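Take a look at this one; I'll ask things after.
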Amino acid sequence: MMFKYSLIAVALTASLVGCSATGTDAQRTSETNQQFNQNELVNSLSEAYFNSMVELSPISGTYMGRQGVNDKFDAAATDESLKQTYELLTSYQQKLDKIDKNNLSGQALLSYEILKRDLAFSKQGFEFPSYMMPINQMSGLHNVFAGLGSGQSAQPFNSVEDYNNFVSRTDGFIEWLAGIESNMRLGIEKGVVLPKALTIKLIPQFEAHIVEDETKSVFWGPINNFPDSFTKTEKKELTAKYKFMVLEKLVPAYKKMTHFLNTEYLPNSRESVGYSSLPNGKAWYEYQIANHTTLDMSADEIHEIGLSEVARIRSEMEWVKGQLKFEGDLQAFFEFLREDEQFYFKSADELINAYVEVKNKIDARVPLLFDIAPKADYEVKLVEAFRAESAAGASYAAPAPDGSRPGVFYINAHNLKAQPKFLVETLSIHEAAPGHHFQIALQQEVKGLPSFRKFGGYTVFAEGWALYAESLGKDLGLFTDPLMWYGRLVDEQLRAMRLVVDTGLHAKGWSREQAIQFMLENSSMAESDVTAEVERYIGWPGQAVSYKVGQFKIQELREYSEQQLGNKFDIKAFHTQILIDGALPMPILESKIKKWVESQR
């Protein structure tokens with residue numbers, strides 16, 4: 001309706017202006033109206049594309065606060081659904097091709113460039129059978145579903161209808177489980193299976209939900225937290241309904257999947273760990289690199305950059321060792337930091353409190369470097385017990401778009417020896433402010449940003465920004481303690497090692513053990529943390545290299561801007577330009593920043 005109204009308004013305006021304007025004025029008006037028409041067409045097309053994607057993934061709709069999707073679950077891929085999705089992408093390409101890029105401006109031009117790139121890249125992904133490996137220990141809708149059902153995530157539990165919606169969603173989840181089991185069985189036939197090391201970590205995520213007492217289930221959370229407005233009758237009816245849902249629906253489904261994983265999938269899981277051992281694996285890994293970095297970089301190039309960075313950061317760690325007057329080599333220093341109790345928290349509460357304290361410190365100093373900040377706040381929470389063993393040490397979840405739920409900075413207390421005190425400042429900057437929380441929350445809050453950009457993203461942008469944000473710590477008054485600076489180096493070294501290890505695993509035939517040993521030799525990380533990291537890279541090929549690649553590109557653009565603008569350079573304005581249009585592929589971001597620099601001269 002808004003699009004039709006806009007076209008009518010433009011036509012009316014054109015006719016009115018045409019009555020009095022002549023010559024150049026009339027031509028300029030016509031060109032302006034044509035540009036407005038084309039801009040509106042891009043906006044309408046991108047919104048239609050976004051709505052089509054949400055229809056395919058109602059779970060994503062829940063996280064975006066969409067109404068009418070909370071009772072539905074995503075469908076597992078089938079030959080028919082894959083064909084339909086491919087044809088849908090093609091149809092949007094054809095519509096986009098009819099738009100003249102030269103008649104676009106502002107956000108519409110950015111949206112056109114992003115959508116054109118995304119559609120082509122998504123279609124390229126159909127060359128690879130990712131649907132045969134739909135889950136792993138790091139990611140998958142099985143864990144998303146459990147989080148939603150706990151009542152501690154995006155699924156609303158404010159009304160009786162909300163409670164009934166999740167019961168209906170459960171039926172969809174069980175259908176999805178049966179579908180991915182079928183796809184994983186096909187993967188066994190085609191040799192597209194997870195490595196044994198990952199399957200072993202995946203199985204407990206299903207076993208954890210096999211309970212005899214419904215009150216011990218994570219899905220009982222909403223029953224323990226009924227809204228006060230519910231009547232006794234409503235509570236009684238929902239309690240009975242949820243007991244049946246847990247014991248008669250979910251537990252049998254989890255048992256079935258656990259049996260499949262133990263008896264069929266694990267025995268057929270592969271001994272190798274890299275994508276290079278999969279059918280068409282070299283091309284698949286190259287696609288994953290491009291997918292996560294949005295750049296044309298080879299595995300060899302990334303590997304060599306990583307080795308250089310690891311060596312540089314080791315030399316800085318030597319400096320810290322000298323500042324702390326530690327006698328012994330760097331390996332002895334690493335061992336000291338791994339083992340000495342003074343560097344670790346004694347309890348989960350102590351861990352959380354330390355991060356809350358740093359949050360308050362950072363929040364007070366962020367205005368030194370930024371003239372924009374998200375309206376939404378964030379809170380610090382522990383990772384839920386059911387996923388803590390295999391979850392990352394820290395992560396961030398976006399706030400609700402309507403402001404009803406703050407962002408969440410999750411800290412994993414499963415192993416306190418994997419959470420040293422010296423990481424508190426750098427990890428907080430990365431995951432929260434001014435890292436992920438700033439970038440993601442601002443992206444959701446920008447007015448006029450098309451939905452596919454408001455809720456979309458690129459790993460290289462998000463993680464590159466968060467790692468770049470860590471480099472701002474000294475400017476924010478942090479890292480004054482050499483040990484805290486060492487924490488910054490630890491995180492930077494982790495990202496540098498990822499360049500080496502990810503490419504080593506997937507392009508150079510490295511074993512899991514070889515990767516673990518490399519990381520232990522070049523950092524003071526706990527072995528349990530290193531193991532979880534390496535297994536993460538095995539399950540998410542290419543994702544881990546995007547951090548450093550993104551940081552390098554943003555830093556490169558800052559240096560370019562400083563060099564070109566001299567004393568006209570404004571760090572706050574630069575940060576606004578990086579963040580204000582949401583996540584962008586790196587080539588499009590580079591083009592945008594260079595145009596901005598030209599405008600500032």
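These figures come from a predicted structure and were not determined experimentally. By convention here, the first residue in the shown sequence is residue 1.
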Set of residues satisfying side chain to side chain contact (heavy atoms under 4.5 Å, CB included) with respect to Ala573, sequence neighbours excluded: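 So Ala573 forms a side chain to side chain contact (heavy atoms under 4.5 Å, CB included) with Asp570, Trp596.
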Would a 4.5 Å heavy-atom cut-off, applied to side chains only, mark Tyr378 and Lys359 as touching?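 When only atoms from C-beta onward are counted, Lys359 and Tyr378 do touch, with a gap below 4.5 Å.
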Please list, chain by chain and in numerical order, all residues satisfying side-chain hydrogen bond (donor to acceptor under 3.5 Å, both in side chains) with Thr170, sequence neighbours excluded.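 Partners of Thr170 under the side-chain hydrogen bond (donor to acceptor under 3.5 Å, both in side chains) test: none.
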For residues 555-566, which residue pairs pass the salt bridge (charged side-chain N to carboxylate O under 4.0 Å, His left out) check, not counting sequence neighbours?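 The answer is Lys553-Glu556, Arg558-Glu562.
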Can you list the residues that meet the side-chain hydrogen bond (donor to acceptor under 3.5 Å, both in side chains) rule with Ser122, with sequence neighbours excluded?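 If we apply the side-chain hydrogen bond (donor to acceptor under 3.5 Å, both in side chains) test to Ser122, skipping adjacent residues, there are no hits.
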Considering only heavy atoms from C-beta outward, does the side chain of Val54 approach that of Phe455 to under 4.5 Å?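 No - every pair of side-chain heavy atoms lies 4.5 Å or more apart.
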Salt bridge (charged side-chain N to carboxylate O under 4.0 Å, His left out): pairs with one or both residues in residues 450-473, sequence neighbours excluded: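 Matches after skipping sequence neighbours: Glu470-Arg488, Glu470-Arg495.
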Test side chain to side chain contact (heavy atoms under 4.5 Å, CB included) applied to Asp97 - qualifying residues, sequence neighbours left out: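 Side chain to side chain contact (heavy atoms under 4.5 Å, CB included) list for Asp97, sorted by chain: Lys116.
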Pairs where residues 41-64 contributes a residue and the test salt bridge (charged side-chain N to carboxylate O under 4.0 Å, His left out) is met, not counting sequence neighbours: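 Applying salt bridge (charged side-chain N to carboxylate O under 4.0 Å, His left out) to every pair that reaches into residues 41-64, excluding sequence neighbours, yields nothing.
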Partners of Gln93 by side-chain hydrogen bond (donor to acceptor under 3.5 Å, both in side chains), sequence neighbours excluded?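 Here the qualifying residues are Lys123.
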Please name all residues satisfying side-chain hydrogen bond (donor to acceptor under 3.5 Å, both in side chains) with Ser561, sequence neighbours left out, ordered by chain then number.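 Listed in chain order: nothing, the list is empty.
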Quick one: side chain to side chain contact (heavy atoms under 4.5 Å, CB included) partners of Ser139, sequence neighbours excluded?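 Scan of Ser139 (side chain to side chain contact (heavy atoms under 4.5 Å, CB included), adjacent residues dropped) gives Asn136, Trp540.
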Mind checking the CG-CG spacing from Leu494 to Asp529? Nearest 0.5 Å is all I need.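 The CG atom of Leu494 sits 8.0 Å away from the CG atom of Asp529.
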Check whether more than 12 heavy atoms from other residues, nucleotides or ligands sit under 6.0 Å from atom NZ of Lys83, and answer yes or no.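 No, because the 6.0 Å sphere around NZ of Lys83 holds 12 heavy atoms or fewer from other groups.
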What orientation do His437 and Tyr396 show, parallel under 30°, tilted 30 to 60°, or perpendicular over 60°?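 Ring orientation, 0 to 90° scale: perpendicular.
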Which salt bridge (charged side-chain N to carboxylate O under 4.0 Å, His left out) pairs, counting each pair once, include a residue from residues 542-552, with sequence neighbours left out?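 Qualifying pairs: Glu309-Lys548, Glu492-Lys548.
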Quick one: list whatever passes side chain to side chain contact (heavy atoms under 4.5 Å, CB included) with Ala583, sequence neighbours left out.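 Expected list: Gln439, Gln443, Tyr458, Phe461.
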